[in-house]
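Note that the numbering runs from 1 along the sequence shown for the chain. One-based numbering, in listed order, for ligands and for the atoms of each.
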Amino acid sequence: MKITIVGAGYVGLVSGACFAEFGFDVTCVDKDTSKIDDLNQGKIPIYEPGLDSLVNQGIKAKRLTFTNNLKTAIKISDVVMIAVGTPTRRGDGHADLTYVYEAAKEIAESLDGYTVIVSKSTVPVGTSRKVAEIIKSTRPDLIEGTSFDVASNPEFLREGSAINDFMRPDRIVIGTNGDKAHKVLQKLYRPLYLIETPIVSTTPETAELIKYAANGFLAMKISFINQMADLCEKTGADVQILAKGIGLDKRIGGKFLHAGPGYGGSCFPKDTLALSQIAQQYKTRCSLIDEVIQYNDQRKLDMAKRIIQAVKNAGVQKKVAILGLTFKPNTDDLREAPSITIIPEILKNDIAVSIYDPLYYFGSERLKHATDYESELKKATFTKSAYDAVTDAGCVVILTEWNEFRALDIEKIYKLMDTSATPLFMDFRNIYRPEDMEAFKYYAIGKKQL
Ligand code: UGA
């Protein structure tokens, strides 16, 4: 079976490399010629553990190719996957489907023989139907159900563990309008049937909504535990034990109950906004999600206030060391990261900021290319290590739980910091135990403040 994936971004690349690993012939198409040149040489444009070697294995086995030539790839494909971006449309929060519709038109122009067009991008309800309409209006000679079908097969990959999530998913969702397309997709996921992955077979509309509902629910779960963390701080309770206490109830489940500085990334913020827009469009109530969106935005600002207030009250050196810039560990993604809200707020208050992140540090190539965030970060100082960052600082803040921050030499940190007043250690990911941090004024999330 031959697969073409349109869009060599995050989902496209990971899916392409994994399908090639399953043994299919995969062509990834992208309009960005320099990206395709790099990929053909095995250079990966994103940071994702394990993706490098999987892509290179696929290239070597001649099962994975990269091209700008959509036409040739489509003609010989049994399955064409649309994996282009669906960013938030400026102004109204809707998902911008421009790239999806452009892809649909271009795919239609080259279709040859029965092909299933699969939407992998996160798209609002009804997009698969719209894609089918575009195909029919571009090529009136094609008959839906005979020459082509459109299916929805959303991805649930997490950045940083995308390959494992693809190879061992909790479930696969297949949304089709008939048996013919369903059989093709079943064939595609046969390697996962063998490890007994649950399959949810449904209509494209339900599949499309499942993706938004899943991200909306997870964002809500995180916001819930963050609100409980606030309550724990006021009442002297401990949010980590609370999370365990509720998470052991199988109806609740223990995952995604880590309190922190608010969720970030390219998915939860974008998809909660889009979900809210879909509900408004259909005039139904989705106020839980609206509250999650507002609360999460406010939480990031509240975290900044918490740092500023603590620095001012403690009378420590007005320099804050930020450990971790990315929205979560094992990714180089800075989109909607709490750091991008929090750092400018601190700077605005005439408090200096030094930063260390395992992927964004003084002299790193990535930092040179993080130009989108230039204005937010320009007054901060980037350093080469966590220890450089904390030197002479009055306050350390852990914003991302990278592994290398889990076993810092705490004594060394203390000695390097300014100790003219008791230095502050603000652990926004709860990776340390309060009893080990007695030298500092230690702040955790959702625990009694010492
Ligand atoms: C998320 C979903 O988890 C994936 O299932 C989905 O496929 C993906 O979006 C997508 O739509 O493409 P991702 O954004 O990569 O994946 O990262 P997550 O691991 O979900 O983390 C998102 C944010 O929530 C991070 O800022 C993280 O720190 C935060 N988080 C997560 C918490 O604050 N607490 C938790 O318990 C879990």
Side-chain angles (χ1 to χ4, degrees), residues 7 9-15 46-49 51 83-88 95 119-124 153-166 168-173 207-229 239-240 242-244 246-247 252-275 292-293 295-297 299-300 303 324-342 398-402 405 427-431 445-446:
Y10 200 83
V11 168
L13 260 183
V14 172
S15 312
I46 50 172
Y47 178 85
E48 177 62 38
L51 187 59
V84 296
T86 52
T88 301
S119 168
K120 270 228 165 283
S121 302
T122 302
V123 290
N153 170 221
E155 256 324 318
F156 301 98
L157 308 175
R158 281 165 305 168
E159 292 189 20
S161 53
I163 292 168
N164 189 56
D165 287 348
F166 192 97
R168 275 168 283 278
D170 288 344
R171 80 306 206 179
I172 294 162
V173 174
E208 287 163 346
L209 203 50
I210 285 173
K211 170 70 193 195
Y212 282 114
N215 275 358
F217 190 86
L218 291 171
M220 189 170 70
K221 205 170 173 190
I222 296 168
S223 296
F224 177 81
I225 202 66
N226 284 340
Q227 292 194 342
M228 288 302 110
V239 77
Q240 280 178 304
L242 179 141
K244 193 170 178 193
I246 60 172
I252 296 173
K255 291 189 177 155
F256 272 65
L257 284 179
H258 298 289
Y263 61 76
S266 66
C267 303
F268 288 168
K270 163 175 83 72
D271 294 349
T272 44
L273 268 180
L275 182 54
V292 166
I293 296 167
Y295 172 71
N296 193 63
D297 287 345
R299 180 155 185 91
K300 293 176 190 170
M303 291 292 122
L325 203 61
T326 55
F327 82 97
K328 63 185 252 185
N330 294 326
T331 175
D332 60 357
D333 204 337
L334 297 179
R335 283 175 287 179
E336 307 279 342
S339 63
I340 301 299
T341 301
I342 293 172
I398 296 193
L399 276 189
T400 319
E401 68 280 32
W402 283 94
F405 299 152
D427 179 3
F428 284 179
R429 296 290 180 171
N430 286 348
I431 57 181
I445 294 283

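The salt bridge (charged side-chain N to carboxylate O under 4.0 Å, His left out) analysis of residues 331-340, with sequence neighbours excluded, yields the pairs Asp332-Arg366, Asp333-Arg335.
In this structure, the ring pair (Phe, Tyr, Trp, His ring centres under 6.0 Å) partners of Phe268, at least two apart in sequence or on a different chain, are Tyr263. Applying the salt bridge (charged side-chain N to carboxylate O under 4.0 Å, His left out) test to Lys300 and every residue at least two apart in sequence or in another chain returns nothing.
Looking only at side-chain heavy atoms (C-beta outward), Met303 and Ile445 come within less than 4.5 Å of each other. With contacts defined as side-chain heavy-atom distances shorter than 4.5 Å, the pair Asn330/Glu159 does not qualify. Proximity of Ser15 to Glu155: side-chain heavy atoms (C-beta onward) are separated by under 4.5 Å at one or more points.
Pocket lining of ligand 1, defined as residues with a non-hydrogen atom under 4.0 Å away: Glu155, Phe156, Leu157, Arg158, Glu159, Lys211, Asn215, Ile222, Phe256, Leu257, His258, Tyr263, Gly264, Cys267, Phe268, Asp271, Phe327, Lys328, Arg429.
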